[in-house]
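To keep things clear, I will list the structure first and then write my remarks on it.
Residue numbers start from 1 in every chain, and the chains themselves are labelled A, B, ... in the order their sequence lines are given, proteins ahead of strands.
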Number of protein chains: 2
Amino acid sequence: MTAGYDPAAFVPFAVTVDLAVFTVRGGRLHVLLIRRGQQPYEGAWALPGGFVTPRESAETAARRELAEETGLPENVVAALHLEQLRTYSEPDRDPRMRVVSVAFTALVADLPEPAAQGGGDAAHARWVPVGEIGPHPASGREDADLASLAFDHAVILADARERVGSKLEYTCLATAFCPPEFTLGELQSVYETVWDTALDRPNFRRKVLATPGFVEAVPGAARLTGGRGKPAALYRPGPATALHPPLLRPSEGRTR
Amino acid sequence: MTAGYDPAAFVPFAVTVDLAVFTVRGGRLHVLLIRRGQQPYEGAWALPGGFVTPRESAETAARRELAEETGLPENVVAALHLEQLRTYSEPDRDPRMRVVSVAFTALVADLPEPAAQGGGDAAHARWVPVGEIGPHPASGREDADLASLAFDHAVILADARERVGSKLEYTCLATAFCPPEFTLGELQSVYETVWDTALDRPNFRRKVLATPGFVEAVPGAARLTGGRGKPAALYRPGPATALHPPLLRPSEGRTR
DNA sequence: CAAATAGTGTCTTTCAGACATTATTCA
DNA sequence: TGAATAATGTCTGAAAGACACTATTTG
């Protein structure tokens, strides 16, 4: 910023935040979308977000907008791991005015349906399987409007998916997709869902348990998973945040 | 952006870009700084950058500002690998007005001194060893003003260093620090300089040469490096961009 | 018992770290 | 020749991939 504050150089921008909030439900990756109530893109699906106010940072704004616009419970929003993705600043990304948007990603565990939908301002928020979004619909799509998202949100969503996929490789963030206590099978299915790859179960166990601080066993606890079979031991997230060495995606894995 | 365009919600921000441009020179990591000519922080060192204009993206602005403010040759700026780092939006990061800044990192090969310094607008641009910046000066610092940078640029610089370090682990970006043709010893010294770690030469060679598309041999070419010893073979950057598997930093390497 | 799910053990290959050795050049 | 630098080879141990096998539960 050498140029200082030449008045001719100062140009007013609007600054917004957009959020790509993911969850894993039923073996599919979902993202939280809201249906727009105003122009432009009225009626289209969009990522939640909104304007940054004069006295808050982008991250603060992101957390506030998420609480206002979606039905996510207060405690979930407050504890959310929010990561800045990148900033989108193409001049014509908004048809009306110059808007620069700071995008964030967040991961939450699957929630009881009513809490996730909420009421009031959140009446138009919905978890959407990412596979149902885009111009080449999977058969059985419920909503034809998902063919394209508002603004450049399809690009933001794609970038966010890629980021989440690589974060799983070298951080312990996958536990953020799980409830407070989870089985290793559930943790593995998070990886398989996000990467869309099958993983070898014994090798996955070995890797996770060999990483100090990734997960901690809950002594004595067990949970029956599929109604049948041996109950699985339960684990909690451990204190570690990084994975050394990383848990790399299979290079050419069959995509199930 | 569900909220639409409620006039009460629209707040004008200034949007700027800041650049952390690195090079390796003489076994030390350097960053390009400029000395500010105006308030605030007049006389302080700062990262190059400036305002985004109404019809350009942040990345376009970053490239333009770099060309205007520093003496970097046109062709270098045009071909530069520019990567968005993150956006800094704390409300009081600029003492005068609300400024949101999109930060970028870039890597360049060491340049002939005059070209890097330039004249005119670039008269106050300088390559500064990153070790000489900050409150705990290495002995022999030339410039006491480097104890602190303008605005939050010390934070941006620290984030950029961390990002560059990890990019070297899983991308082929290290070649961006090298001239068009380089020796493996030069490439290794890039890693050693950025990571501040000594690497085993035979193992480094093996790893680099075993990664398809990282580097390509220049047939027959060789260069004498230290005035003595066997001339080293020359290599060019290859077509690969990612490193699979990654070249990880030694966990507890001696720091030379 | 069969089906389903959790969990263990083992073999093999790949790869990284350590380090000895050879090759080529200049003073 | 000796110092300096590049390049090759080898041993070892850690970790990943493949996969056979055991354990515990429900119906």
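For the pair A/T225 and C/dA6, the criterion of a side-chain N or O lying under 4.0 Å from OP1 or OP2 is met.
To the nearest angstrom, C1' of D/dA15 lies 11 Å from CG of A/L248. Going from atom CG of A/L199 over to atom P of D/dG17 covers 9 Å, rounded to whole Å. The separation between A/L209 atom CG and C/dG9 atom P is 12 Å, rounded to whole Å. When rounded to the nearest whole Å, the span between NZ of B/K230 and C1' of D/dT5 equals 9 Å. Rounded to whole Å, atom P of D/dA6 lies 11 Å from atom CZ of B/R223. Between the CG atom of B/L234 and the P atom of D/dA6 there is a distance of 11 Å, given to the nearest Å. A straight line from CZ of A/R228 to C1' of C/dC1 spans 12 Å, rounded to a whole angstrom. Protein atom CD of A/Q188 is 12 Å distant from nucleotide atom P of D/dG17, rounded to whole Å.
Of the possible polar contacts, none joining the B/T193 side chain to the B/L29 backbone as a donor-acceptor pair under 3.5 Å is found. In terms of modelled atom types and a separation under 3.5 Å, the side chain of B/Q84 and the main chain of B/V102 share no donor-acceptor contact.
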Per-pair distances, 0.1 Å, donor-acceptor, side chain in residues 224-246 of chain B, under 3.5 Å, sequence neighbours excluded:
{"unit_1": "B/R236", "atom_1": "NH1", "unit_2": "B/E181", "atom_2": "OE2", "d": "3.3"}

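Under the side chain to side chain donor-acceptor pair (under 3.5 Å) rule, B/K167 has a single partner from B/E83, B/E162, B/H81, which is B/E83.
Contacts between residues 200-207 of chain B and DNA chain C, defined by a heavy-atom separation under 4.0 Å, are made by B/D200, B/P202, B/N203, B/R206, B/K207.
When only modelled atom types and interatomic distance are considered, B/D159 and B/Y88 share a side-chain donor-acceptor pair under 3.5 Å.
Using a 4.0 Å heavy-atom distance criterion, B/L184 is classed as making no nucleic acid contact.
The distance from the OG1 atom of B/T105 to the CZ atom of B/R163 is 6.5 Å, given to the nearest 0.5 Å.
For the pair B/R126 and B/W45, the cation sits on the ring face: its NZ or CZ lies under 6.0 Å from the ring centre, inside 45° of the axis.
Between B/P231 and A/A233, the residue whose closest nucleotide on DNA chain C is further toward the 5' end is A/A233.
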